[in-house]
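Okay, structure first, notes after.
The first residue of the sequence shown is numbered 1, and numbering continues consecutively from there.
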Amino acid sequence: MKVINTISKFTNIFTKVFAYVSALAVLFNVVIILANVIMRAFGNAIVGTEELYSMSEVVLIFLALGYTQYNGGLVHVCFFMKKLPGISPVVMWAINQWVSFIAVSLCVWQTFVRVPLVKQVSTALLIPYKPFYVIIGIGFAVYAVACLFESIKATAAIFNKEVREDVVSHLPA
């Protein structure tokens, strides 16, 4: 249980840092949209507002993924939970978590494989897309860390009664 708590503290801090950056992206979106609305009232819209907003949304969404996963804010698709009868829900949860971790890890890998291939820029402001692909990869990597923590915790629940009680209390119905 001590190891799980240590990993939990690390994952909490790690994901929270990226959540704060994501919160700054929300603030940026509010400011840029408000400025654009005010400028439109005077007859001049800010050029590229949609591009700035959409690029900021990439930062917002992907950097918040890990924090959201860690805090149980994402919907769990428990594909394995009811497919194999006779197996403990805790074991099925562990399998489910490891499959999630593997899938997200593949997303990390494929995102970083594609980064060198990105040559596009946005239309109005000529913002290069490559840094945002890197942000997507970082966001997926933080998400993978949160999934890894959940996978380790779910596996520990199979063998440790204390951890099992905590995991079972959070299992989806």
Shortest non-hydrogen separation from [X] to [Y] and the atoms involved:
X: I4; Y: A156; answer: CD1-CB, 4.0 Å
X: K130; Y: V118; answer: CE-O, 3.3 Å
X: V59; Y: A25; answer: CG1-CB, 3.9 Å
X: P131; Y: P128; answer: CD-O, 3.4 Å
X: F101; Y: S151; answer: CB-OG, 3.7 Å
X: S22; Y: A64; answer: OG-CB, 3.4 Å

Inset, instruction - Find the distance between CD1 (I102) and SG (C107) and round it off to the nearest 0.5 Å. - result: 12.5 Å
Inset, instruction - To the nearest 0.5 Å, tell me how far S100 OG sits from L148 CG. - result: 12.0 Å
Beyond-backbone contact of [X] with [Y], side-chain heavy atoms, under 4.5 angstrom:
X: V108; Y: T111; result: no
X: L125; Y: L52; result: yes
X: V142; Y: L63; result: no
X: N12; Y: K16; result: yes

Strictly distance-based, threshold 3.5 Å: is any side-chain N or O of [X] a donor or acceptor partner for the main-chain N or O of [Y]?
X: T155; Y: A94; value: no
X: S122; Y: A124; value: no
X: K119; Y: P116; value: yes
X: T11; Y: F149; value: no
X: N36; Y: A45; value: no
X: E51; Y: T123; value: yes

Honestly curious: do [X] and [Y] fall in one hydrophobic cluster under the side-chain, below-4.5 Å linking rule?
X: F10; Y: V104; value: yes
X: I32; Y: L126; value: no
X: V134; Y: V145; value: yes
X: I158; Y: I95; value: yes
X: M55; Y: L27; value: no

Inset, instruction - Applying ring-ring contact (aromatic ring centres under 6.0 Å, His included), name anything that partners Y143, two or more places apart in sequence or on another chain. - result: none
Legend entry - side chain to side chain donor-acceptor pair (under 3.5 Å) between W93 and S88, intermediate numbers included: CA-CA 9 Å; W93 184 246; S88 164; over 6 Å; no
Legend entry - side chain to side chain contact (heavy atoms under 4.5 Å, CB included) partners of E57, counting only residues at least two apart: N29, Y53, L60, I61
Inset, instruction - Check each of V168, V167, N160 against R164 using the side chain to side chain contact (heavy atoms under 4.5 Å, CB included) test, and report the only one that passes. - result: V168
Legend entry - Residue pairs involving residues 18-51 (criterion ring-ring contact (aromatic ring centres under 6.0 Å, His included); sequence neighbours excluded): F14-F18
Legend entry - Pair listing, ring-ring contact (aromatic ring centres under 6.0 Å, His included) test, anchored in residues 108-141, at least two apart: F62-F140
Inset, instruction - Would you list the pairs meeting side-chain hydrogen bond (donor to acceptor under 3.5 Å, both in side chains) in which at least one residue belongs to residues 65-74, sequence neighbours left out? - result: S8-Y70
Inset, instruction - Kindly state each residue pair satisfying salt bridge (Lys or Arg N to Asp or Glu O under 4.0 Å) with at least one member in residues 141-157, sequence neighbours excluded. - result: K153-D166
